2 protein chains.
Amino acid sequence: MKDVASRAGVGLKTVSRVVNGEPGVTPDTERRVQEAIESLGFRRNDSARVLRKGRTASIGLVLEDLADPFYGPLNRAVEEVARAHGALLINGSSAEDPEREQELVLALCARRVDGLIVIPAGHDHRYLEPEIKAGIATVFVDRPAGQIDADVVLSDSFGGARKGVAHLIAHGHRRIGFIGDQPRIHTAVERVRGYRAAMEDAGLVVDDSWVSLGITAPERVRAAAEAMLEGPEPVTAIFAGNNRVTVTAVRVLAERERPVALVGFDDIELADLLGITVIAQDAATLGRTAAERLFRRLDGVDDEPALVALETVLIPRGSGEVPPSADR
Amino acid sequence: MKDVASRAGVGLKTVSRVVNGEPGVTPDTERRVQEAIESLGFRRNDSARVLRKGRTASIGLVLEDLADPFYGPLNRAVEEVARAHGALLINGSSAEDPEREQELVLALCARRVDGLIVIPAGHDHRYLEPEIKAGIATVFVDRPAGQIDADVVLSDSFGGARKGVAHLIAHGHRRIGFIGDQPRIHTAVERVRGYRAAMEDAGLVVDDSWVSLGITAPERVRAAAEAMLEGPEPVTAIFAGNNRVTVTAVRVLAERERPVALVGFDDIELADLLGITVIAQDAATLGRTAAERLFRRLDGVDDEPALVALETVLIPRGSGEVPPSADR
């Protein structure tokens, strides 16, 4: 490298920058260094370089929605663990599109991340097998991996929903609605399963008109809530399947004269002031646990992939403790 | 490339993958291709490759806090524009640390992003000059660039704060407090300047105890609010300098018997239900405008860098229309 630097008329640091693809080198200087390398027979070898450095010290995080506040604390927790390990975090969003997820994951791999944390949009992650074999550690968070064996860290969605619905039943409700996310999303399915289990535990039969799964856009959630509040078997309580559903449900219920009970999955900022009872996931612990598992893998720990399911917490604040309206 | 493929016993696509640093190649295959390249005297030339491809079709976005909901819609708007241009978005957070910002920006440049959108934490961006010269388009958003000439897209923080404080004055307030972010942050300085201008417009003298700038952690904001509510010249209204300040101010004011007026900079989810009057920035338009300027640059438009300042909107919801308490 000294010979290259001397021939190109630059410093050792500049040669190192060009060889390692680091920034801060003008195209002209890069060309001179490349010519010096060529004339001296010095050859860059990517795989050897990566092996020698061990790490390029960056991890990738693929989220499903950059604008969902649930992912904020998760994202920040991953970043803090990465920083503690001297690694940079780069991330991107699949926007809940499996093709986009794959494109982004492979783009991050091509940019030589050492490890990946993925909130999966898709259900088939076999496309990741060559990357994992090539040494890119991967941990899935919030939802399981599809068709591959990998570490997974998520919240107990089934248990959380069951606990929240049981709470409504304990406060006297018998006709309880469930509004959740699209049925192709693992957490949505687990939570509706928890709802059905709690109803069954109490010997209650679920009317078809009480369950509504679909996108969480305000218009869809509003229509679903109004339909189950005004149908032939009107509900006296609603279980909201995630934070996006809860914010719309709170608005719909605020417009109504008779109180309707509400428990939401996921905590929400200012829910304390609005008295919204929630089943809270610990998004920061999800992120931290996933990141710590990833760095264990990067440190060479090679045990069997594991599934970690974190407990949820019921936070009663008023909306979930409203009894059924008298005339219903 | 045909010769390399034939010598290494692989397909053309695999050679292309190795040469372009794309994923999906095992270390063993990569080594064979590298050896074939070496023995045939074929040399990878990064700068030529980038020029030939024109774009690697990715842009980077550097935020200051991944968990601040203000950046959610901005982030998503940038992503939508990137996607419309067939580009991937990768991002990361400076955590309001200028060194971290520089590290992350240069790491993204080293990963061959074509362009960058930066919410700057620091005040000196000369470190970006070699990258910009090397053709990496850069747009700053939310805050201006420091010591370099670049496109900037931000909200009119000065005008917004002035409008919000004038609104409180119009409702009879004379003793108005301002709680804002750290004084090294451009938006914090502009907003306190807007506050002072509105007070001066009305001929009101600002008491030193009414202005508090610092970190936006709940404890700090709570202490600041309580001090100005209980001091010798107690305020009857508070202007909160950003969304982080507002959420804590709302909690503090909810605990008090006498109503205190509040206007917050930035809209907040569920602020409608809580009746919080705000000066709203349009975070999505900020992101979209910045991303569109970036792609104009990437399309070769080479006019002078410009500063775009977006208007803010006053949304009255009740908290900003409370008159001063009678006995004050």
Side-chain angles (χ1 to χ4, degrees), chain A residues 18 20-27 30-31 34 37-38 43-48 51 58 60 65-69 71-73 75-76 79-80 83 88-93 95 100 103-104 106-112 130-131 133-136 247 250-251 254 268-274, chain B residues 18 20-27 30-31 34 37-38 43-47 51 58 60 65-69 71-73 75-76 79-80 83 88-93 95 100 103-104 106-112 127 130-131 133-136 247 250-251 254 268-274:
Chain A
V18 171
N20 289 312
E22 285 167 8
V25 183
T26 65
E30 184 170 357
R31 189 183 42 73
Q34 294 280 12
I37 288 169
E38 185 177 34
R43 190 176 61 82
R44 167 177 166 168
N45 182 325
D46 271 315
S47 56
L51 287 173
S58 69
D65 182 356
L66 295 167
D68 184 337
Y71 295 113
N75 210 334
R76 188 149 68 180
E79 187 185 47
E80 280 164 8
R83 187 186 295 215
L88 278 172
L89 173 66
I90 56 183
N91 48 25
S93 153
R100 186 83 179 171
E103 191 184 9
L104 188 58
L106 295 179
L108 291 174
C109 290
R111 283 169 177 76
R112 308 261 180 242
E131 306 303 324
K133 268 191 199 137
I136 296 186
V247 296
V250 169
R251 289 202 174 91
I268 301 176
E269 189 160 75
L270 298 177
D272 52 336
L273 290 181
L274 289 162
Chain B
V18 172
N20 290 311
E22 285 167 10
V25 183
T26 64
E30 185 171 355
R31 190 181 43 74
Q34 294 281 12
I37 288 170
E38 185 177 36
R43 192 174 60 80
R44 169 177 166 171
N45 182 325
D46 270 315
S47 58
L51 287 171
S58 69
D65 182 356
L66 295 166
D68 184 338
Y71 295 113
N75 210 335
R76 186 148 68 180
E79 186 185 46
E80 279 164 8
R83 186 185 297 215
L88 278 173
L89 173 65
I90 56 182
N91 47 26
S93 153
R100 186 84 179 170
E103 191 184 10
L104 188 59
L106 296 178
L108 291 173
C109 290
R111 283 167 177 78
R112 307 267 180 240
Y127 71 85
E131 306 303 325
K133 266 189 200 140
I136 296 187
V247 294
V250 169
R251 290 204 173 91
I268 300 176
E269 188 161 75
L270 298 177
D272 53 335
L273 290 181
L274 289 162

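All values below come from the heavy atoms of this structure, side chains included, with hydrogens, waters and symmetry mates left out. Because the structure is predicted, anything quoted here is derived from the model rather than measured. To find a chain, count down the sequence lines: A is the first, B the second, and so on, and within it residues start at 1.
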K.L.:
Calculate, to the nearest 0.5 Å, the distance between atoms CG and CG belonging to A:Asn75 and B:Asn75 respectively.
P.N.:
8.5 Å

K.L.:
For the CZ atom of B:Arg76 and the CG atom of A:Asp65, what is their distance to the nearest 0.5 Å?
P.N.:
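Result: 4.5 Å between the selected atoms.
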
K.L.:
For chain A, find which of B:Ile90, B:Asp272, B:Asn91 contributes the most heavy-atom pairs closer than 4.5 angstrom.
P.N.:
B:Asn91

K.L.:
What part of A:Ala134 gets closer than 4.5 Å to chain B, counting heavy atoms only: side chain, backbone, both or neither?
P.N.:
both

K.L.:
Atom CG in A:Leu104, atom CG in B:Leu88: separation rounded to 0.5 Å?
P.N.:
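So the gap between those two atoms works out to 5.5 Å.
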
K.L.:
Ignoring hydrogens and angles, tell me if any N or O in the side chain of A:Arg111 forms a donor-acceptor pair with the backbone of B:Arg111 under 3.5 Å.
P.N.:
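Yes; at least one donor-acceptor contact below 3.5 Å.
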
K.L.:
Give me the atom names and distance for the closest heavy-atom approach of B:Pro73 to A:Ala67.
P.N.:
N-CB, 4.1 Å

K.L.:
Between A:Glu79, A:Arg100, A:Glu103, which residue shows the highest count of heavy-atom pairs closer than 4.5 Å to chain B?
P.N.:
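With the most close heavy-atom pairs to chain B, the winner is A:Arg100.
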
K.L.:
What part of A:Ser93 is in contact with chain B, defined as an atom under 4.5 angstrom from a non-hydrogen atom: side chain, backbone, both or neither?
P.N.:
both

K.L.:
Pick one of side chain, backbone, both or neither for A:Asp68, based on which atoms fall under 4.5 Å of a heavy atom in chain B.
P.N.:
neither

K.L.:
Could you tell me which residues satisfy side chain to side chain donor-acceptor pair (under 3.5 Å) with A:Arg83, sequence neighbours excluded, listed by chain and number?
P.N.:
none

K.L.:
Out of curiosity, B:Thr26 OG1 to A:Lys133 NZ, how far, rounded to the nearest 0.5 Å?
P.N.:
9.0 Å

K.L.:
Using heavy-atom distances under 4.5 Å, tell me whether A:Glu80 contacts chain B through its side chain, its backbone, both, or neither.
P.N.:
neither

K.L.:
Once side chain to side chain donor-acceptor pair (under 3.5 Å) is applied, do any residues pair with B:Glu269, and if so which ones, sequence neighbours excluded?
P.N.:
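B:Glu269 satisfies side chain to side chain donor-acceptor pair (under 3.5 Å) with A:Arg244 only.
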
K.L.:
Checking heavy atoms, do the side chain of A:Ile136, its backbone, both or neither come under 4.5 Å from chain B?
P.N.:
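Nothing of A:Ile136, per the 4.5 Å heavy-atom cut-off to chain B.
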
K.L.:
Calculate, to the nearest 0.5 Å, the distance between atoms CG and CG belonging to B:Leu89 and A:Leu66 respectively.
P.N.:
7.0 Å

K.L.:
Identify which of A:Leu108, A:Ile268, A:Leu106 forms the greatest number of heavy-atom pairs closer than 4.5 Å to chain B.
P.N.:
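Heavy-atom pairs under 4.5 Å are most numerous for A:Leu106.
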
